[in-house]
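Only a predicted model underlies this, so the values are computations on that prediction, with no experimental measurement involved.
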Amino acid sequence: MLNSIFGKAVWDRKIGLFATSLGMFVFALLFTVLHESFAGEITRFANIVPSELSAFVGDMSAAATPEGFLAVELYSLFLPFAVAITGIAFASKAIGREEDSGTLELLLASPISRSKIIWQKLAAIKTTLFIVAFSAFLGVVLGKALFVFDVNLKNVALASLSVFLLGMVYAMASLAAQGLTGKTSVGSGIGAGLLVLTYAANIVSKLVDNLEGLRYFSPFYYLDVSGVLNGNGELVNFAVLLGITAIFYVMAHIGFVNRDTGV
């Protein structure tokens, strides 16, 4: 497997992938341990904090339940940003590092087509983000087995899937920017900028009534982990995230396949 483009791409990032995944696993496990002890404190805290805080972390009053606790403490902000940042860092260098080091010329001179190259890079990105997103799910699974933490594991798995799709949106935006321009810095800059701007748009849409329509332009709006964790998630939200991901990937594919790389 290590002789394949896919295998090498994943293997080259094994240390960062292991560290990030382990961190998500431990944090998720820790949250299952802490919930029973902090449930009462969370309820009292929810009664005194400004209502505007919910725009950033979700409904604090709902955190008294295991589902709400996961939504507020892990799945609304911490895990999504970890997955998105991992995706941006990987995708912007997936082909960019090959170009910067000069090894892309050797790769393109081989019988492997450009389409196959970017397909295998895509597979490596998806695998990496899936592992990071679902490491949190495994932490919850272990926490439920060891401690008092009554959640529906199917819903938790769907929440991790939703976070995975969110991360893919920003990863593919980075891949598209790099594929079209050939510049790693542009790929990472576009991905990071889009992440910040769309997250801010989602927050502003909750705080300012006249700007409520901004939420439809933010992938974070379609994340809806509170609904998913409580069994009220809508399939259309998954479809929107998948659709945006597909659009960015098509841009990346067309850009890389047709761009003049000097080979």
Check Gly187 against Ser92 and note the closest heavy-atom contact, atom names and distance.
-> C-CB, 3.8 Å
Does a side-chain heavy-atom distance below 4.5 Å link Leu122 with Met172?
-> yes
Please confirm whether the backbone N or O of Ala71 pairs with a side-chain atom of Ser76, one donor and one acceptor, at under 3.5 Å?
-> yes
Determine which pairs satisfy salt bridge (Lys or Arg N to Asp or Glu O under 4.0 Å) with at least one residue from residues 144-166, sequence neighbours left out, and list them in order.
-> none
Residue list, side chain to side chain donor-acceptor pair (under 3.5 Å) with Tyr221, at least two apart or on another chain = none
Side chains of Val151 and Leu153: closer than 4.5 Å at any heavy-atom pair?
-> yes
Taking all non-hydrogen atoms of both residues, which atom of Ser188 and which atom of Ser174 are closest, and how far apart?
-> CA-OG, 4.5 Å
Do we see a donor-acceptor contact under 3.5 Å between the side chains of Ser162 and Tyr75?
-> no
Can you hop from Val250 to Ile95 via hydrophobic side chains spaced under 4.5 Å?
-> no
Atom of Asn202, atom of Arg215 and distance for their closest heavy-atom approach = OD1-CB, 4.2 Å
What one should report as the nearest heavy-atom pair of Ile125 and Ala94 is CD1-CB, 4.2 Å
Atom OH in Tyr222, atom CG in Leu241: separation rounded to 0.5 Å?
-> 8.5 Å
First locate atom CG of Leu165, then atom NZ of Lys126, and finally report the distance between them rounded to the nearest 0.5 Å.
-> 10.5 Å
Given the rule in the side-chain contact (heavy atoms from CB on, under 4.5 Å) test, do Met168 and Phe248 qualify, once you have shown the distances and angles that lead to the verdict?
-> CA-CA 10 Å; Met168 284 297 296; Phe248 280 135; over 6 Å; no
Going only through I, L, V, M, F, W and Y residues with side-chain contacts under 4.5 Å, is there a path from Leu34 to Val148?
-> no
Side-chain contact test, heavy atoms from C-beta onward, threshold under 4.5 Å: evaluate it for Phe25 versus Thr20 and give yes or no.
-> no
Determine the sole option in Leu223, Leu129, Val132 for which the side-chain contact (heavy atoms from CB on, under 4.5 Å) test with Val163 is passed.
-> Leu223
From CZ (Phe149) to CZ (Phe69), nearest 0.5 Å | 7.0 Å
Main-chain N/O of Ala133 paired with Ser160 side-chain donor or acceptor, under 3.5 Å | yes
Is there a side-chain contact between Glu234 and Asn237, using heavy atoms and a 4.5 Å cut-off?
-> yes
So if you build clusters from Ile, Leu, Val, Met, Phe, Trp, Tyr with side-chain heavy-atom gaps below 4.5 Å, do Tyr216 and Leu211 land together?
-> yes
Is any side-chain heavy atom of Ile5 closer than 4.5 Å to a side-chain heavy atom of Lys121?
-> yes
To the nearest 0.5 Å, tell me how far Phe217 CZ sits from Thr198 OG1.
-> 12.5 Å
Taking the side chain as every heavy atom from C-beta outward, state whether Leu22 and Ser135 have any pair of such atoms under 4.5 Å apart.
-> no
Given Trp11 and Phe6, is the ring-ring contact (aromatic ring centres under 6.0 Å, His included) satisfied, shown in steps?
-> CA-CA 9 Å; Trp11 183 254; Phe6 163 78; over 10 Å; no
Aromatic ring pairing Tyr199/Phe220, orientation class (parallel under 30°, perpendicular over 60°, tilted between) | perpendicular
Least distance between heavy atoms, Leu74 atom then Ala28 atom = CD2-CB, 3.8 Å
If you measure from CG on Asn230 to OG1 on Thr65, what distance do you get to the nearest 0.5 Å?
-> 6.0 Å
Using a 4.5 Å cut-off on heavy atoms from C-beta on, say whether the side chain of Leu29 contacts that of Phe147.
-> yes
Does any non-hydrogen side-chain atom of Gln178 lie less than 4.5 Å from one of Val186?
-> no
Side-chain donor-acceptor pairs under 3.5 Å in residues 77-86, sequence neighbours left out?
| residue | atom | partner | partner atom | Å |
| --- | --- | --- | --- | --- |
| Thr86 | OG1 | Ala82 | O | 2.7 |

Can you see which heavy atom on Leu194 is nearest to which on Ala173, and at what distance?
-> CD2-CB, 3.7 Å
Could you state the interatomic distance from CD1 (Ile254) to CG (Leu180), rounded to the nearest 0.5 Å?
-> 8.5 Å
Anything under 30° is parallel, anything over 60° is perpendicular, the rest tilted; go ahead and classify Phe134 against Phe130.
-> parallel
